[in-house]
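What follows is a set of notes on a single structure, which appears directly below.
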Amino acid sequence: MSALWLGLAAVIFLCWGGILLSFPELIARFSRKVQGEFWGGQLTPERTRYLGFGFVLTGVVAAGLLLALILRG
(Lines give C-alpha, C1' and ligand atoms only; values in the text may rest on other atoms or scores of the structure.)
Protein backbone atom coordinates (compact mmCIF):
# COMPACT_ATOMS: atom_id res chain seq x y z
CA MET A 1 0.00 0.00 0.00
CA SER A 2 2.85 2.38 0.73
CA ALA A 3 4.20 1.76 -2.77
CA LEU A 4 0.90 2.97 -4.19
CA TRP A 5 1.02 6.22 -2.20
CA LEU A 6 4.68 6.75 -3.02
CA GLY A 7 4.01 6.21 -6.73
CA LEU A 8 1.04 8.57 -6.62
CA ALA A 9 3.12 11.23 -4.86
CA ALA A 10 5.92 10.87 -7.41
CA VAL A 11 3.51 11.31 -10.33
CA ILE A 12 1.78 14.32 -8.77
CA PHE A 13 5.05 16.06 -7.87
CA LEU A 14 6.59 15.43 -11.29
CA CYS A 15 3.50 16.66 -13.14
CA TRP A 16 3.03 19.77 -11.02
CA GLY A 17 6.75 20.59 -11.21
CA GLY A 18 6.70 20.14 -14.98
CA ILE A 19 3.76 22.53 -15.27
CA LEU A 20 5.50 25.13 -13.10
CA LEU A 21 8.69 24.84 -15.14
CA SER A 22 6.87 24.94 -18.47
CA PHE A 23 4.64 27.97 -17.91
CA PRO A 24 6.26 30.29 -15.31
CA GLU A 25 5.17 33.58 -16.91
CA LEU A 26 1.58 32.44 -17.36
CA ILE A 27 1.31 31.24 -13.75
CA ALA A 28 2.85 34.45 -12.39
CA ARG A 29 0.47 36.56 -14.48
CA PHE A 30 -2.53 34.51 -13.33
CA SER A 31 -1.38 34.85 -9.71
CA ARG A 32 -1.26 38.64 -10.02
CA LYS A 33 -4.71 38.68 -11.57
CA VAL A 34 -6.29 36.45 -8.91
CA GLN A 35 -4.54 37.61 -5.74
CA GLY A 36 -3.97 41.25 -6.51
CA GLU A 37 -0.85 43.21 -7.28
CA PHE A 38 0.91 42.84 -3.91
CA TRP A 39 0.36 39.17 -3.06
CA GLY A 40 0.29 38.11 -6.69
CA GLY A 41 3.54 39.96 -7.31
CA GLN A 42 5.26 37.73 -4.77
CA LEU A 43 5.15 34.82 -7.23
CA THR A 44 7.53 35.96 -9.96
CA PRO A 45 8.49 33.76 -12.93
CA GLU A 46 11.89 33.12 -11.31
CA ARG A 47 10.26 31.91 -8.09
CA THR A 48 7.84 29.81 -10.11
CA ARG A 49 10.78 28.11 -11.84
CA TYR A 50 12.48 27.61 -8.46
CA LEU A 51 9.32 26.04 -7.01
CA GLY A 52 8.91 23.88 -10.11
CA PHE A 53 12.46 22.60 -9.78
CA GLY A 54 11.77 21.74 -6.13
CA PHE A 55 8.64 19.81 -7.08
CA VAL A 56 10.48 17.92 -9.84
CA LEU A 57 13.37 17.11 -7.51
CA THR A 58 10.94 15.85 -4.87
CA GLY A 59 9.20 13.71 -7.49
CA VAL A 60 12.52 12.23 -8.60
CA VAL A 61 13.41 11.39 -4.99
CA ALA A 62 9.98 9.79 -4.47
CA ALA A 63 10.37 7.78 -7.68
CA GLY A 64 13.82 6.65 -6.55
CA LEU A 65 12.43 5.58 -3.19
CA LEU A 66 9.65 3.71 -4.95
CA LEU A 67 12.18 1.91 -7.14
CA ALA A 68 14.26 1.01 -4.09
CA LEU A 69 11.15 -0.26 -2.31
CA ILE A 70 10.14 -2.41 -5.28
CA LEU A 71 13.66 -3.81 -5.79
CA ARG A 72 14.03 -4.56 -2.09
CA GLY A 73 11.07 -6.82 -2.25
Side-chain angles (χ1 to χ4, degrees):
M1 190 65 174
S2 65
L4 175 70
W5 289 112
L6 199 54
L8 184 65
V11 168
I12 289 172
F13 276 104
L14 286 171
C15 289
W16 184 240
I19 289 169
L20 287 173
L21 285 174
S22 298
F23 307 108
E25 290 85 10
L26 181 67
I27 292 172
R29 194 172 352 131
F30 181 74
S31 174
R32 277 192 300 277
K33 187 184 296 183
V34 170
Q35 295 186 355
E37 198 59 40
F38 178 73
W39 290 111
Q42 303 298 314
L43 191 61
T44 63
E46 291 80 22
R47 286 186 183 158
T48 305
R49 283 188 197 99
Y50 182 74
L51 288 171
F53 178 71
F55 274 103
V56 168
L57 186 61
T58 304
V60 168
V61 169
L65 286 173
L66 177 64
L67 183 64
L69 182 69
I70 290 172
L71 290 178
R72 197 177 87 185

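Predicted, not measured: the structure shown is a model, and the values here were computed from it.
Side-chain contact check for L71 versus L67: some heavy-atom pair is nearer than 4.5 Å. The closest side-chain heavy-atom distance from V56 to F13 is not below 4.5 Å. Between R32 and Q42, the closest side-chain pair of non-hydrogen atoms is not below 4.5 Å.
Neither L6 nor V11 shares a network with the other; the hydrophobic side chains, linked directly or stepwise wherever heavy atoms of I, L, V, M, F, W or Y lie under 4.5 Å apart, form separate groups for each.
Between the CH2 atom of W5 and the CG atom of L66 there is a distance of 14.0 Å, given to the nearest 0.5 Å. Here the CZ-CG distance, from R72 to L65, works out to 10.5 Å after rounding to the nearest 0.5 Å. Separating the CZ atom in R47 from the CG atom in L20 is a distance of 14.0 Å, to the nearest 0.5 Å. For the atom pair CH2 of W16 and CG of L51, the computed distance is 10.0 Å after rounding to the nearest 0.5 Å. The CG atom of L14 sits 11.5 Å away from atom CD1 of I19, with the distance rounded to the nearest 0.5 Å. Taking CZ of F30 as the reference point, atom CD of Q35 lies at 9.0 Å (rounded to 0.5 Å).
Of the candidates T48, L43, T44, E46 forms a side-chain contact (heavy atoms from CB on, under 4.5 Å) with just one, namely T44.
When every heavy atom of F53 is checked against every heavy atom of L21, the shortest pair comes out as N-CD2, 3.8 Å. When every heavy atom of A10 is checked against every heavy atom of A63, the shortest pair comes out as CB-N, 3.8 Å.
Between the side chain of S31 and the backbone N or O of I27 there is no donor-acceptor pair closer than 3.5 Å.
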